[in-house]
Amino acid sequence: MQTKVYDHIGIEERWQKAWEEQGLFQNMAATVKPGDDWLYLLFAFAYPSGQGLHVGHVESKTALDILARFNRMSGKKVFFPVGWDAFGLPAENYAVKTGVHPAETTRSAIDTFRRQIKRIGISYDWEAEIATSHPGYYKWTQWLFLELYKKGFAYQGDGMVNWCPSCQTVLANEQVVNGACERCDTEVTQKNMKQWFFKITEYKDELISGLDQVDWPEATKQQQLHWIGKGEGLNIDFTLKNTKVVLPIWTKFWETIFGTTFIVIAPEKFLELELEQFLPSGQAKSVMTYIEEASHKTEEERKIGEKDKTGVNTGLFVVNPVNGDSIPLFVADYVLMGVGTAIVMGVPAHDQRDFAFAKKFSLPIIQVVAYADKKIDQKVAAGEMSFEAEGVLVNSGQFDGMSAWGSGKAKMAEWMIGQHFARFQTTYKLRDWLISRQRYWGAPIPIVYDPEGKPHPVKEEHLPWTLPTDVDFKPTGESPLTSSKEFQARVEKLYGKGWRPEYDTMDTFVDSSWYYLRYGSARDESQFADPEQLKALLPVDFYMIGPEHIVLHLLYSRFFTKFLRDQGYLKFDEPFTKMRHQGMILGPNGKKMSKSKGNVINPDEIIEKFGADTLRVYEMFMGPIESDKPWDVSAVAGVYRFLQRTQAAVLSQVGEAESLKHPEMIAVRRKLHQTIAKVAGDIGSLKFNTAIAALMEFINVYERACREVKLVLPEAEVLAWTQLIAPFAPFLAEELFQSGHADAEPGFASIHLTNWPQSDATLAAEQEFVVPVQIDGKVRARLLIKADKVTDETYVVAQARADAIVTRWLQGTSATARYIAGKIVSFSTQA
RNA sequence: GCCUCGGUGGCGGAAUUGGUAUACGCGUCAGACUUAAAAUCUGAUGGUCUUACGAUCUUGUGGGUUCGAGUCCCACCCGAGGCACCA
């Protein structure tokens, strides 16, 4: 029966070329009309690394491509652009090593990616392609900086910043992971520098509330919330004994304040408040030594103290405002600057850290919350738990007996605020975004300094403020742009003698956090984005992005969106309406793919051997798009077989059609129409794996039927079958659709331009139902019920009772029956 | 410690959201074709007992709700990812 081999190489080359010549799905932005409703599908901005496409890229790109093709066939206008996050460190580091200019490296990497992506048939709109390193793009990145500057959202700040000694640049808080540089894993140090910041904190509350508007994975929302780190607590004034010096503490758990047996202050805060003047002479030396040592510790060293807390008793006492108790003041570096007020109350009975500290320094422990459960009370005494359970206040003066988390907490706050020594204070973890980078391969910050060193914005007519090329790449701790003669000359020519440029470039996250606004106006030189385009295309309807970008990129993108909205440029609050994360494709051994482990699957090799269609369908068939899944070398061949069988089956659809009345024909057509409905539903809910399984089921049914009789389906149904394949295996589908022609004619109508088939409910309807019979919850028999009887409860139950096995099980019982139409007959023998 | 997912055959995974557990694919076994192998095709394939009809057990563990639980509730165990001296 298989007369024609599956020539995947020939098929894929032919149709890639034909589509390209025809410009299929290209330049869609030109067709935007007012009032249009577009489906905007977006893939995470990719960094064009020298490695080329890996199987993970293929997975998420294919998933989006399936959505694009399916929705186009369903009559939607689809915007599906692509671009490159082309500035960044790898190309620059490579330049340092080899001397090849980053522009060169980047261009050839992009060429490789583009060729590979076309080869796997992703139907991107290449007319909207953008690259952040192109002056036509970064002109608008700089424009955005100036907009922020004009509105006071970009400012120069002085202070301690994160410094990566290996990358020789400052880093944003978000780029420091466990005290190390997220890129090179070098330990980050602190450095005092004057740098540019964006005022993202201005939108902190909206960055929280906006999450309610979007359809994102719960975990992603949680992580964003955690990063913003809103904490609602109380500032409570303790005073240094015998002075008027106020030491405000901040706490979320003020209900335990009667249990405070010590106060701890951060070393830096101690100096800031100049408390050293009060130190008793005997104590002064040890305290100052401790503070000195703490200042030399790195973040990592401070964290080692997590188990063994360090600290020093100052010999000073503070007064607890709620009861006038004198309690000792300690300096300890586990209290961090920047969290709350950097002064904490130590309540060892109800906090694990405080407990450890109290044990170490032999401080008293006063329990102020009693728990109904004695076991919890014991745990509290052993320091094993903190705020895990609700209890009743004790040892707390007039608040004794009140609920710790209920009336007690509320009454206590009310009282303390009434006494004027406490006030509500909300704190946030989010800090302003540090965007200066002392690196070359990025967008220059459009700022110039006058001879007095005062910053001025680069005039808009001078944009793009181009990146000079006469630059020494070697990182010296100075920005590489310092070495450019052209840059300096340009500034003096345009702004006057003695002026100098800002030598730093912008964090690449600035480039990549507004790109989705640019696609619709990719070649527009007059504005960052055309308002009509924005209105029709945005916000992004579906965003597919790796889970690694959750905090940085999304937070920044949301900030830009809200800022531009407030300037009147955008009409929406959130840029990404719906978002999902693709899972990771693991090596065949179930481990993350890496060259050193030798478990990397190269997509080019799979394409050579099995074809791009097989690669696409296999990756979609592996499992749910959002979960991590290992590569299975032999399962790929199974998918290849499926495509091969599909080709053979469709190509055999010539000749005399079997009568439509033939039972095998009826069964196959029923399955086909069921499959049409199933595939459309599954694509809609991103269940590509089960959609493909359904297509496999269909061909199984078809081939089985063909063993009885040669089946030639009606033409419309052969077409429908081919169309179902089209989003998944676009090359093969086109080949089957065009198989009547010898070659692609100029102006041929692609299958990808046809209308998605409709399932005929009548043909899809089952004629018989298998109804299981349960007796006390166990399936004992199955009945075959004709469709016209399936709603007839009396009939079905009678059939069930008549069944031999059921009769046996029901003998001597008085069973009651219930029937869920078409689903199940359930007998219960219990009374 | 906290947050978020997960745990189903030898493996990847299905299960219309409370109604036939193990769809589909891989693998394995048997068979056809072949001198042979590969490729391709056909059949079987959760465990235990049984010649068979069939019975019985089975969705991480233990309880519960229900005629009926992979699915809902409670407690716990294990794994992955993220966060964390956050007061």
Side-chain angles (χ1 to χ4, degrees), chain A residues 1-2 5 177-178 217-223 225-227 229 231 233 249-254 256 264 302-307 309 332-336 338-347 351-354 356-357 384-388 427-429 547-548 550-551 581 583-584 590 618 621-624 626-639 641-642 644-645 648 678 681 687 689-697 700 703-704 707 770-782 804-805 808 815-818 820 822-830:
Chain A
M1 195 110 140
Q2 302 204 352
V5 289
V177 179
N178 286 327
E218 188 55 30
T220 305
K221 291 188 181 183
Q222 291 299 330
Q223 283 186 51
L225 285 175
H226 196 267
W227 190 262
I249 63 98
W250 182 77
T251 179
K252 286 193 264 190
F253 308 104
W254 61 82
T256 62
V264 191
R302 274 195 175 197
K303 277 185 183 160
I304 293 168
E306 208 165 321
K307 289 185 190 93
K309 303 224 173 309
D333 62 9
Y334 80 86
V335 177
L336 304 176
V339 180
T341 58
I343 309 173
V344 304
M345 62 179 201
V347 186
D351 183 276
Q352 284 179 23
R353 277 163 315 158
D354 294 347
F357 197 80
E384 281 170 18
M385 62 179 291
S386 41
F387 295 94
E388 291 165 40
T427 66
Y428 296 83
K429 223 179 86 178
E548 67 277 9
I550 283 173
V551 174
H581 307 302
M584 204 192 312
Y618 170 64
F621 183 60
M622 289 172 86
E626 296 188 66
S627 35
D628 295 348
K629 349 165 230 283
W631 190 272
D632 182 341
V633 175
S634 47
V636 182
V639 169
R641 274 197 286 275
F642 160 65
Q644 188 176 299
R645 283 159 63 202
K678 168 86 174 149
K687 288 157 75 174
N689 55 333
T690 53
I692 292 163
L695 290 166
M696 288 174 169
E697 271 186 62
N700 289 345
E703 285 181 346
R704 199 173 294 266
R707 265 174 244 146
V770 177
V771 178
V773 182
Q774 271 187 0
I775 296 162
D776 293 331
K778 291 201 187 298
V779 176
R780 296 297 176 186
R782 293 180 172 87
I805 297 170
R808 212 180 71 211
T816 52
R818 85 181 65 204
I820 313 297
K823 299 255 191 200
I824 204 156
V825 181
S826 181
F827 287 102
S828 170
T829 61
Q830 291 117 23

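In what follows, every chain begins at residue 1, and chains take the letters A, B, ... in the order their sequences are listed. What you see is a predicted model; the values in this text were computed from it and never measured.
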Discussion item. For a quick check of understanding: with a heavy-atom distance under 4.0 Å over all strands, which category does A:Lys678 fall into, base, sugar-phosphate or nothing?
Written reply: nothing
Worksheet item: Base, sugar-phosphate, or nothing: which does A:Ala693 touch, judged by heavy atoms less than 4.0 Å apart?
Response: base
Worksheet entry | Distance, nearest 0.5 Å, that separates CG of A:Asn700 from CG of A:Leu695 | 11.0 Å
Worksheet entry | Nearest to side-chain heavy atoms of A:Asn689, which nucleotide of B:A14, B:C85, B:C24 | B:A14
Worksheet item: From B:C86, B:C85, B:U16, pick the nucleotide closest to the side chain of A:Tyr334?
Response: B:C85
Discussion item. What's the gap between B:C33 and B:U50 when it is taken at their P atoms, as a whole Å value?
Written reply: 36 Å
Item to complete: Would you classify A:Pro624 as touching base, sugar-phosphate or nothing, given that sugar-phosphate means primed atoms plus P, OP1 and OP2, and contacts are heavy atoms under 4.0 Å?
Response: sugar-phosphate
Discussion item. Going by purine N1 to pyrimidine N3 plus the second Watson-Crick contact, or the G-U wobble pair, all under 3.5 Å, which nucleotide sits opposite B:A21?
Written reply: none
Worksheet item: Choosing from B:A23, B:C85, B:A55, which nucleotide comes nearest the side chain of A:Glu697?
Response: B:A23
Worksheet item: With a non-hydrogen cut-off below 4.0 angstrom, is A:Lys778 in contact with a base, only sugar-phosphate, or nothing?
Response: sugar-phosphate
Worksheet item: When you compare B:G18 with B:U66, how far apart are their C1' atoms, in angstrom units rounded to a whole number?
Response: 9 Å
Discussion item. Need one value for A:Val779: base, sugar-phosphate or nothing, where a base atom within 4.0 Å counts as base even if backbone is also close, heavy atoms only.
Written reply: sugar-phosphate
Worksheet item: Which whole number of Å gives the distance between the C1' atom of B:A15 and that of B:U35?
Response: 48 Å
Discussion item. If I pick the P atom on B:C11 and the same atom on B:G64, what distance separates them, to the nearest angstrom?
Written reply: 30 Å
Worksheet item: Which of the following nucleotides, B:U40, B:C67, B:C3, is nearest to the side chain of A:Arg818?
Response: B:C67
Worksheet item: From the list B:G43, B:G25, B:A87, which nucleotide is the closest neighbour of the side chain of A:Ala635?
Response: B:G25
Fill in: C1'-based separation of B:C78 from B:U8 [nearest Å]
15 Å
Item to complete: Provide the distance between the two P atoms, one in B:A39 and one in B:C29, to the nearest whole Å.
Response: 13 Å
Worksheet item: Checking A:Tyr618 side chain against A:Asp632 main chain: does a donor-acceptor pair fall under 3.5 Å?
Response: yes
Worksheet item: With rounding to whole Å, what would you report as the distance between B:A21 and B:G46 at their P atoms?
Response: 14 Å
Worksheet entry | Counterpart residues, ring-ring contact (aromatic ring centres under 6.0 Å, His included), relative to A:Phe621 (two or more places apart) | none
Worksheet item: With a non-hydrogen cut-off below 4.0 angstrom, is A:Thr690 in contact with a base, only sugar-phosphate, or nothing?
Response: sugar-phosphate
Discussion item. By nearest atom, which of the nucleotides B:A84, B:U56, B:G43 is closest to the A:Lys429 side chain?
Written reply: B:A84
Worksheet entry | Integer angstrom distance from the C1' of B:G47 to that of B:G10 | 13 Å
Worksheet entry | Donor-acceptor pair (no angle test) under 3.5 Å: A:Ser826 side chain, B:C67 base | yes
Worksheet, complete the sentence: Quick note, A:Gln222 side chain, CB onward, closest among B:C26, B:U4, B:G12 is B:U4
Discussion item. Nearest to the side chain of A:Val770, heavy atoms from C-beta on, is which of B:U42, B:A87, B:U20?
Written reply: B:U20
Worksheet entry | Flag, side chain of A:Asp628 to backbone of A:Gly583, donor-acceptor distance under 3.5 Å | no
Worksheet item: Side chain of A:Arg353: nearest nucleotide among B:C41, B:G19, B:A87?
Response: B:A87
Discussion item. What is the separation between atom CE on A:Met345 and atom C1' on B:C86, rounded to the nearest whole Å?
Written reply: 14 Å
Discussion item. Just the rounded figure in Å: distance from P of B:G6 to CE of A:Met584.
Written reply: 17 Å
Worksheet item: Base, sugar-phosphate, or nothing: which does A:Gln774 touch, judged by heavy atoms less than 4.0 Å apart?
Response: base
Worksheet item: What nucleic acid atoms does A:Asn700 come within less than 4.0 Å of, heavy atoms only: base, sugar-phosphate, or nothing?
Response: sugar-phosphate
Worksheet item: At under 4.0 Å between heavy atoms, what does A:Gly638 touch on the DNA or RNA strands: base, sugar-phosphate, or nothing?
Response: sugar-phosphate
Practice prompt. Round to a whole Å and report the spacing from CD of A:Glu626 to P of B:G6.
Written response: 9 Å
Worksheet item: Would you say A:Asp351's side chain and A:Gly346's backbone share a donor-acceptor pair under 3.5 angstrom?
Response: no
Worksheet item: Nearest to the side chain of A:Ser634, which nucleotide is it out of B:C26, B:G19, B:G12?
Response: B:C26
